[in-house]
There are 2 protein chains.
Amino acid sequence: MTALRKPSRASVLRLELYLEVIDQFQKEGRTHITSAEIGEALGIPDVKVRQDMFGLGTAGRPRVGYEVEHLARLIREVFDIDRPKSACIVGFGNLGRALAGSNIWPRAGFKLTSVFDRDPNVIGTEFGDIRVRSVAELIGVVKTEKIEAGVITVPASAAQETADLLVLAGVKAIWNFAPVKVFTPESVVVEDQSLSWGLVTLSYRLKTNQ
Amino acid sequence: MTALRKPSRASVLRLELYLEVIDQFQKEGRTHITSAEIGEALGIPDVKVRQDMFGLGTAGRPRVGYEVEHLARLIREVFDIDRPKSACIVGFGNLGRALAGSNIWPRAGFKLTSVFDRDPNVIGTEFGDIRVRSVAELIGVVKTEKIEAGVITVPASAAQETADLLVLAGVKAIWNFAPVKVFTPESVVVEDQSLSWGLVTLSYRLKTNQ
DNA sequence: TAGATTGTTAATCGATTAACAATC
DNA sequence: TAGATTGTTAATCGATTAACAATC
């Protein structure tokens with residue numbers, strides 16, 4: 001309900017990390033946390049933490065710090081974590097399987113409700129309580145299950161057509177693991193998380209020690 | 001051999017994408033590519049592409065564009081892709097398995113030579129031509145195989161101790177998939193690629209349509 | 001009151017965009 | 001020569017850092 005100023009892009013990336021630290025403190029029974037404590041846990045200057053909090057609408061008290069519960073709530077609100085959202089995975093290879101079996105979904109407020117593949121040998125296999133379906137069913141399922149986000153874990157060559165299909169089905173966000181840019185209408189956001197690009201970046205940083 | 005000016009951080013991230021496009025053009029038999037063509041393929045303004053090239057030491061000809069072979073070589077040099085490097089994975093869960101089975105390694109000039117885990121049930125299992133070993137063997141193996149990079153795919157709670165072990169063994173780069181910051185000496189770079197953070201970012205972008 | 005900590009503005013730095021010159 | 005395309009500097013914008021004021 002708080003009137004939030006929109007945090008800057010750089011700030012958003014950090015707020016995400018803060019949440020992790022705050023949750024940790026909360027688990028340890030702490031009720032308050034200082035900007036210095038958050039900064040120390042992440043290797044970030046305390047001033048930067050405070051300025052991010054400032055952008056968030058501020059909530060701290062001198063000599064005491066920030067109330068962890070309140071702060072966690074604020075940040076969860078920024079990321080819309082507490083609103084239940086549905087997601088589906090397209091491409092049930094090794095990576096799709098790893099994502100399907102991971103515990104990341106509830107932590108971001110998502111429920112993984114469906115998995116699609118186009119390989120007849122994979123279609124119909126079970127994974128936990130999810131049965132892999134044909135991509136031919138995608139549009140119908142996305143609509144009936146009100147899926148808002150699609151994950152692309154197909155080969156690069158099939159990434160754009162998969163994105164097109166997801167857009168047609170009506171998802172509003174795409175998490176793209178293929179090492180290519182996919183194009184979508186402005187109303188559909190794309191978050192790239194190519195492992196390939198990550199590894200190349202690692203090579204660069206290894207070389208430059210940066 | 002070219003004397004390269006060091007590209008800016010933001011520019012580096014883009015150069016990586018350019019390489020993908022350039023390779024594509026090369027496969028199609030094209031010998032030259034213009035900044036507009038690169039930009040179009042990635043949704044980036046052509047001027048920005050040219051300025052990145054400028055930072056790279058420039059190589060284009062008006063009316064003709066950039067020679068793909070030369071450009072690819074320059075960028076590969078920036079990322080040190082053509083120098084053979086060895087890497088190991090620590091943590092052979094779903095994600096470790098997906099990474100081990102992926103084709104990203106040679107594309108960045110890496111060879112995955114070893115995989116470690118601490119679960120006795122996992123140790124000794126085979127995956128392709130790799131046998132999973134105990135983390136107890138890590139230090140010795142990293143030294144004898146001259147492994148330069150370690151991948152952390154263990155649970156968050158074990159991430160820091162894994163990083164410590166890798167540092168002790170002598171790796172110079174860590175690719176961290178755990179959703180926590182790990183601390184290392186300045187001589188060891190850490191590239192974070194937490195899927196958890198990626199999904200939270202997706203949630204944010206879904207909410208704000210940014 | 002003194003000291004610790006947060007809140008806020010100003011100065012610096014880096015990256016992007018705009019403008020135009022140079023070249024094939 | 002005209003036009004397409006690259007090369008380079010200047011202006012703008014945004015993010016970080018520095019400085020200090022405010023508050024418990």
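Lettering of chains follows the sequences in order, A, B, ..., and the numbering in each one begins at 1.
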Legend entry - Minimum-distance pair of heavy atoms, taken over all atoms of Lys85(B) and Asp80(B):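 Smallest heavy-atom distance, with atoms named: NZ-O, 2.6 Å.
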Legend entry - Heavy-atom closest pair, residues Val68(B) and Ile22(B):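 So the minimum-distance heavy-atom pair works out to O-CG2, 3.6 Å.
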Nearest-Å distance, [atom1] ([X]) to [atom2] ([N])?
| X | N | atom1 | atom2 | answer |
| --- | --- | --- | --- | --- |
| Lys48(B) | dG7(D) | NZ | C1' | 18 Å |
| Arg61(B) | dG3(D) | CZ | C1' | 16 Å |
| Arg9(B) | dT16(D) | CZ | P | 11 Å |
| Ile38(A) | dT6(C) | CD1 | C1' | 12 Å |
| Leu56(B) | dT8(D) | CG | C1' | 16 Å |
| Asp52(A) | dA15(D) | CG | P | 11 Å |
| Asp46(B) | dG7(D) | CG | P | 12 Å |
| Tyr18(A) | dT6(C) | OH | C1' | 14 Å |

Would you mind telling me which of [options] lies closest to the side-chain atoms of [X]?
| X | options | result |
| --- | --- | --- |
| Phe54(A) | dT8(C), dT6(C), dT17(C) | dT8(C) |
| Gln51(B) | dT17(C), dC24(D), dA18(D) | dT17(C) |
| Tyr66(A) | dA15(C), dT16(C), dT6(C) | dT6(C) |
| Pro62(A) | dA15(D), dA4(C), dA18(C) | dA4(C) |
| Ala10(B) | dT16(C), dA19(C), dG7(D) | dT16(C) |
| Arg14(A) | dC24(D), dT16(D), dA19(D) | dT16(D) |

Legend entry - Complementary nucleotide for dT6(D) - Watson-Crick or wobble, under 3.5 Å: dA21(C)
Legend entry - Identified pairing partner of dG14(D), criterion: Watson-Crick or G-U wobble below 3.5 Å: dC13(C)
Phosphate contact ([N] OP1 or OP2) by [X] side-chain N/O below 4.0 Å:
| X | N | value |
| --- | --- | --- |
| Thr58(B) | dG7(D) | yes |
| Arg50(B) | dT6(D) | yes |
| Arg63(B) | dA22(C) | no |

Inset, instruction - State plainly whether the residues Glu148(A) and Lys111(A) are in salt-bridge range, i.e. N to O under 4.0 Å. - result: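 Salt bridge absent between Glu148(A) and Lys111(A).
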Inset, instruction - May I ask you to say whether Arg30(A) pairs ionically with Glu37(A), meaning some side-chain N is under 4.0 Å from a carboxylate O? - result: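 Yes.
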Legend entry - Within-4.5 Å side-chain heavy-atom neighbours: Ser114(A) and Ile147(A):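 Side chain of Ser114(A) against side chain of Ile147(A), heavy atoms only: contact under 4.5 Å found.
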Inset, instruction - Looking at every strand, decide which applies to Ser35(A) at a 4.0 Å heavy-atom threshold: base, sugar-phosphate, or nothing. - result: sugar-phosphate
